[in-house]
Amino acid sequence: MARMWFITAVFLGLAHQIIASSGGDEESLQWSKDLCSQLGDEYANLDYCGEIIGCTGADSKEKGRYLRNSSRSSAFGWRLPGSSTCAWPGPLIRVERGTSYGLFVKGNVDKASWNYSMHLHGLHISSMGNGDDVRRRVAGSDVIFYNVTIPADHMGGTYWYHTHSHGQSYHEMKNGAFGMLIVEDGDFGSVDAGVQKFMQNEQHLVVTNLLGLPGKFEASKTHLEFVKDEWYRLRVLTMSLDSHQGVHTLSFDHPVGTSPDSMSMTSPLEAHGPCEIRTIAHDGILKFKVPSLKEQNSYTLNGASRIDFAIRCTSEADIIAGGKPVSMIKIDNESFPDKSISPFEGGIESESGTWSSRRPYYLRDLRNEIVNSGDSWTIKMGEHDINGYGYSTSERLCNDDHPNSKFIYNHVNEWYIKPSMHPVHVHVHPMQVVSEGGCDDYEEGEFFDTIMYRNDYKNPRKPPCKVRLRFADFGGLTAIHCHMPQHEDQGAMGVIFVEDGPTQPDYPRVYKCTTPPCDEPVDIPLVCAK
């Protein structure tokens, strides 16, 4: 059968370019409708298609050297067709709600023995069939196809993507195979003109600890440039590979060597420090009330967090991760701030100016929902296991609390996360914190896709963190794991099966296969882990 084996050649003439976003010059995956029809009839009904390629930059043996020299070269990473850049973070990916995408993922020709996969972290999409199934693999010059269909009611926000090849995730992520992903907002809950402008006045920053050592964070940009006194939406992805510290701090302060006393306080905003900062979203999910009324300049995050800030600054500020300055906010004192931009409706900087975010069905408040007796589950995340069970491709996690129960589509589950030193990440279905008063740094009532509920050795009877989640929109396999990738690779990962819900077809799934079989569908494990 004649096929367009050389997808890159087709793609180059249609879509590849470097764009300048409001977050700075960034390499961005460009989607093309024409590409879909040119690649074959089975892809013609998709809205857009695009390609991303596994790549090799600096030799992994030189890892420590190039990190110390602040190079962002990746030993393993992602690049665009036609680009010679193999660096972390990978190309920015932007998608829109209610749109279907064909994402063609090519392996790494230079490291043909390495299996790549693509996980779109935090997205509420199918994890079955030719979708975001973590069991999929691609290597060498082969190309596999991901059907990424974004639901029309998906919440816009800041997400990310990374490899998820069990047994190799840590090594590949440590060497740079990850990047930021953005779902465009659409209807987010406010029609206020100032808020609309604020949500689009964005900057991006990726902060990562690739070495996995305390305090060894770096940032994707040496600095951000803000107009003095103007509000910005700052999208931040933090990715840490520290296998011993599950949380770290991200803070904003006066640059090292300066102090407020030595600075000209020309604006009443300086009373907030160099920047006024309010949270608007965690893990790509807007808070119920936006923005937060609480001002902070320091935040505790886990190694897979995304956080969106409403931020305005009056003077330069260091961005500090894990106690180390990693980037800087520089101030443009010459331009006039656009005072019509505000995260508050009507520019009223009080509770009356906050607004309610639009809540899709899968993110509605679950605190008053009825939970059936069989829909509760206790989770103890370990370094090598979940509830004592290591990862297996032939077994799935079952509910030991209720041995005769199943995970049922559209049911609200209540889970009890026991304290540990391991962040719990759930694919597809975000978790709402319902414990009274919240869980450590996780606010009661808000949704997260990863929760790090820490041991307290002074309080060995610390109660579990109570969360709720609704198995909405998608059934089938859902992965759960420790988001310390080294621990995930060691076995702290498993899958549950959501019964009776819609799933995604297996085909089409492979665009190019040099030596069959390639990315064959994997059977659903029917046996409970024992």
Side-chain angles (χ1 to χ4, degrees), residues 117 119 124-129 131-137 164-167 169 362 366 370-420 422-431 449-451 453 464-485 487-506 520-530:
S117 66
H119 172 49
H124 182 62
I125 59 175
S126 178
S127 60
M128 289 286 290
D132 189 5
D133 185 340
V134 297
R135 301 171 301 170
R136 303 187 65 186
R137 300 289 182 269
H164 211 303
S165 303
H166 182 70
S169 295
Y362 72 100
L366 304 176
I370 296 174
V371 178
N372 296 331
S373 59
D375 290 335
S376 61
W377 190 35
T378 301
I379 298 176
K380 176 67 173 181
M381 186 67 69
E383 185 173 336
H384 303 87
D385 61 87
I386 301 175
N387 292 346
Y389 305 119
Y391 179 65
S392 170
T393 57
S394 60
E395 297 178 331
R396 60 182 173 183
L397 296 174
C398 295
N399 191 337
D400 288 342
D401 295 358
H402 305 280
N404 295 322
S405 68
K406 298 179 179 179
F407 299 104
I408 306 296
Y409 175 70
N410 213 25
H411 280 210
V412 174
N413 269 228
E414 184 168 279
W415 292 357
Y416 306 96
I417 301 174
K418 289 187 174 182
S420 73
H422 307 280
V424 175
H425 173 52
V426 180
H427 290 202
V428 187
H429 307 288
M431 301 171 282
D449 65 43
T450 306
I451 291 177
Y453 187 56
C465 175
K466 185 164 61 175
V467 302
R468 288 185 175 182
L469 63 167
R470 188 196 300 274
F471 294 127
D473 302 318
F474 305 102
L477 292 182
T478 295
I480 304 171
H481 60 88
C482 172
H483 218 291
M484 292 177 173
H487 298 169
E488 170 207 321
D489 284 344
Q490 292 171 174
M493 175 174 164
V495 294
I496 63 172
F497 188 80
V498 178
E499 306 276 352
D500 303 330
T503 59
Q504 193 158 296
D506 288 325
E520 290 291 324
V522 181
D523 290 339
I524 297 170
L526 301 177
V527 179
C528 292
K530 296 180 180 179

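We count residues from 1, following the sequence as given. These numbers come from the heavy atoms of this one structure, side chains and all, not from hydrogens, waters or symmetry mates.
Residue Ile451 holds its CD1 atom at 10.5 Å from OH of Tyr453, rounded to the nearest 0.5 Å. Within the model, atoms CG of Asp133 and NE2 of His119 stand 11.0 Å from one another, a figure rounded to the nearest 0.5 Å. Distance check, rounded to the nearest 0.5 Å: CD of Gln490 to NE2 of His384 gives 4.0 Å. The line from CD of Gln504 to CG of Asp132 is 9.5 Å long, rounded to the nearest 0.5 Å. With values rounded to the nearest 0.5 angstrom, Met431 atom CE is found 8.0 Å from His425 atom NE2. Distance check, rounded to the nearest 0.5 Å: CG of Asp401 to OG of Ser373 gives 11.5 Å.
In terms of heavy atoms, Val498 sits closest to Ile408 at CG1-C, 4.0 Å. Smallest separation of non-hydrogen atoms from Gly129 and Asp506: CA-OD1, 3.2 Å. Across all non-hydrogen atoms, the minimal contact from His164 to Ser117 is N-OG, 2.9 Å. Among all heavy-atom pairs drawn from Ala492 and Gly382, the shortest one is CB-O, 3.3 Å. The shortest heavy-atom contact between Asp489 and Ser165 is OD1-O, 4.0 Å. Across Asn399 and Ser376, no two heavy atoms sit closer than the pair ND2-O, 2.7 Å.
Inter-residue side-chain proximity for Thr478 and Val426 is flagged as met; some heavy-atom pair is nearer than 4.5 Å. Residues Pro525 and Val495 are in side-chain contact: their nearest non-hydrogen atoms beyond the backbone lie under 4.5 Å apart. In this structure the side chain of His481 never reaches within 4.5 angstrom of the side chain of Val134, judged on heavy atoms. Val412 has its side chain out of reach of Asp375: every pair of non-hydrogen atoms, C-beta onward, lies at least 4.5 Å apart.
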Note to self: For a side chain to side chain contact (heavy atoms under 4.5 Å, CB included) check, start with the C-alpha distance between Asn410 and Arg470, then their side-chain angles and the critical distance, and finish with the verdict.
What the structure shows: CA-CA 6 Å; Asn410 213 25; Arg470 188 196 300 274; 3.9 Å; yes
Item checked: Verdict with supporting geometry, Ile386 and Ile379, side chain to side chain contact (heavy atoms under 4.5 Å, CB included) -> CA-CA 7 Å; Ile386 301 175; Ile379 298 176; 4.2 Å; yes
Next item on the list: Please assess Met381 against Ile417 for the test side chain to side chain contact (heavy atoms under 4.5 Å, CB included), listing each intermediate value before the final yes or no.
Entry: CA-CA 8 Å; Met381 186 67 69; Ile417 301 174; over 6 Å; no
Next item on the list: Decide side chain to side chain contact (heavy atoms under 4.5 Å, CB included) for Leu469 and Trp415; before the verdict, give the C-alpha distance in whole Å, the side-chain angles of both, and the deciding distance to 0.1 Å.
Entry: CA-CA 8 Å; Leu469 63 167; Trp415 292 357; 3.7 Å; yes
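Proximity of the aromatic rings of His429 and His427 is defined here by a centroid distance below 6.0 angstrom, and this criterion is not met.
Donor-acceptor pairing under 3.5 Å is recorded for the side chains of His124 and Asp473.
Without hydrogens or angle criteria, Arg396 side chain to Thr393 main chain gives no donor-acceptor distance under 3.5 Å.
Within the structure, the ring-ring contact (aromatic ring centres under 6.0 Å, His included) test picks out the following pairs touching residues 390-412 (sequence neighbours left out): His166-Tyr391, Trp377-Phe407.
For NZ of Lys380, the number of neighbouring non-hydrogen atoms (other residues, nucleotides, ligands) closer than 6.0 Å is greater than 12.
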